[in-house]
Amino acid sequence: MLAVSAIVEKKGRVLLCKRPAQGAFPGWWEFPTEPLEGLDTMEDALERGVFDRLSTNVDCMEPLGAADFYDGEGGRLYGFRVNLTNNFVNLCGYDAFKWVKINDLRKKGLFRPCVMFVNMLKKYFENL
């Protein structure tokens, strides 16, 4: 499986979403994530996922890297730092969300592939 994660930062915090109780990996926290479908590009899947899951659009996206994972059927997750065009008004496909300080991300029961992006995020924000 190939998927993309939208890493949304606002005021020193990052958006995390809780996977639904029914479905794969219930209760784990992750960045808003969308699988690639058909001939999707990563950018297409990212834009669709942000719109479908957060009811807003992507203003800009910057690739952070990729993480391979072996849970379930396994696959590769691509992380993108994104800016949203406005605040999201709806959360679809998740049980909850929260804004977490970047330094507290490791304490939040992150879905394993997302953990790979934590160090990338810290380095990114240290260089700003």
Side-chain angles (χ1 to χ4, degrees):
M1 178 180 88
L2 297 175
V4 291
S5 284
I7 300 165
V8 183
E9 183 269 338
K10 183 184 267 187
K11 298 180 183 176
R13 296 178 185 265
V14 178
L15 177 66
L16 290 182
C17 298
K18 188 175 185 182
R19 294 181 66 94
Q22 271 53 34
F25 312 107
W28 285 93
W29 291 88
E30 68 181 3
F31 304 112
T33 299
E34 184 72 13
L36 274 73
E37 298 174 355
L39 299 175
D40 272 349
T41 65
M42 288 184 280
E43 293 81 6
D44 290 341
L46 192 64
E47 288 176 350
R48 181 184 66 246
V50 167
F51 184 79
D52 289 351
R53 295 180 181 278
L54 305 178
S55 300
T56 188
N57 294 304
V58 173
D59 185 28
C60 71
M61 59 183 85
E62 178 183 346
L64 283 176
D68 292 325
F69 63 96
Y70 304 97
D71 299 312
E73 64 186 56
R76 178 170 274 197
L77 181 65
Y78 296 90
F80 286 80
R81 195 185 73 72
V82 302
N83 290 331
L84 304 178
T85 56
N86 55 359
N87 292 330
F88 64 92
V89 294
N90 187 28
L91 187 71
C92 182
Y94 289 106
D95 283 350
F97 76 93
K98 60 184 165 185
W99 293 94
V100 178
K101 291 180 183 177
I102 292 166
N103 289 333
D104 293 340
L105 282 171
R106 288 195 187 274
K107 303 174 192 172
K108 297 299 177 186
L110 278 178
F111 184 48
R112 236 172 308 202
C114 294
V115 172
M116 298 287 292
F117 299 121
V118 172
N119 286 336
M120 293 177 199
L121 283 171
K122 286 183 179 181
K123 288 179 184 177
Y124 177 86
F125 289 105
E126 285 171 1
N127 293 327
L128 288 180

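Bear in mind that the values here come from a model prediction, so they are computed numbers and not experimental data. Counting from 1, the numbers follow the sequence of the chain as shown.
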Rounding to 0.5 Å, atoms SG (Cys17) and CG (Leu54) come to a distance of 6.0 Å

Distance col, row Trp99:CH2 vs Leu16:CG, nearest 0.5 angstrom, shows 9.5 Å

From the list Leu84, Val82, Thr85, Asn83, side-chain contact (heavy atoms from CB on, under 4.5 Å) with Cys60 holds only for Asn83

| request: Compute whether any side-chain donor of one residue and acceptor of the other, for Thr56 and Asn86, lie under 3.5 angstrom apart. | output: yes

CH2 of Trp28 to CG of Leu110, rounded to nearest 0.5 Å, is 8.5 Å

Between Arg76 and Asp68, is there a side-chain N and carboxylate O pair less than 4.0 Å apart? yes

Rounded to the nearest 0.5 angstrom, the CZ-CD1 distance for Phe31 and Ile7 is 5.0 Å

Taken to the nearest 0.5 Å, the spacing of Phe80 CZ from Glu47 CD works out to 10.5 Å

- Message: Under a 3.5 Å distance rule, please check whether Glu43 uses its side chain to pair with a backbone N or O of Leu46 as donor and acceptor.
- Response: no

Heavy-atom closest pair (Tyr94 atom, Pro20 atom, distance to 0.1 Å) is CA-CD, 4.4 Å

Closest non-hydrogen contact found for Phe97 with Leu15 is CD1-CD1, 3.7 Å

(message) Run the salt bridge (charged side-chain N to carboxylate O under 4.0 Å, His left out) test on Arg81 and Glu9 for me, step by step, so that the C-alpha distance in whole Å, both residues' side-chain angles and the decisive distance to 0.1 Å come before the verdict.
(response) CA-CA 8 Å; Arg81 195 185 73 72; Glu9 183 269 338; 5.1 Å; no

Might you work through the side-chain contact (heavy atoms from CB on, under 4.5 Å) test for Phe25 and Arg19, ending with a clear yes or no?
CA-CA 7 Å; Phe25 312 107; Arg19 294 181 66 94; 3.5 Å; yes

Looking only at heavy atoms, the pair that brings Ala21 and Asp95 closest together is N-OD2, 2.9 Å

| field | Verdict with reasoning, Val100 to Val14, per side-chain contact (heavy atoms from CB on, under 4.5 Å) | value | CA-CA 5 Å; Val100 178; Val14 178; 5.6 Å; no

Determine whether Met42 and Phe51 fall in the same hydrophobic cluster, where Ile, Leu, Val, Met, Phe, Trp and Tyr are linked whenever their side-chain heavy atoms lie under 4.5 Å apart.
no

Indicate yes or no for a side-chain donor-acceptor contact from Asp40 to the backbone of Glu37 under 3.5 Å, with no hydrogens or angles considered. yes

Review point. Is the backbone of Thr33 close enough, under 3.5 Å, to the side chain of Arg53 for a donor and an acceptor to pair up by distance?
Key: yes

Please determine if Arg13 and Asp104 form a salt bridge, counting it only when a charged side-chain N lies under 4.0 Å from a carboxylate O. no

Between Pro35 and Met1, the two heavy atoms sitting closest are CB-SD, 4.5 Å

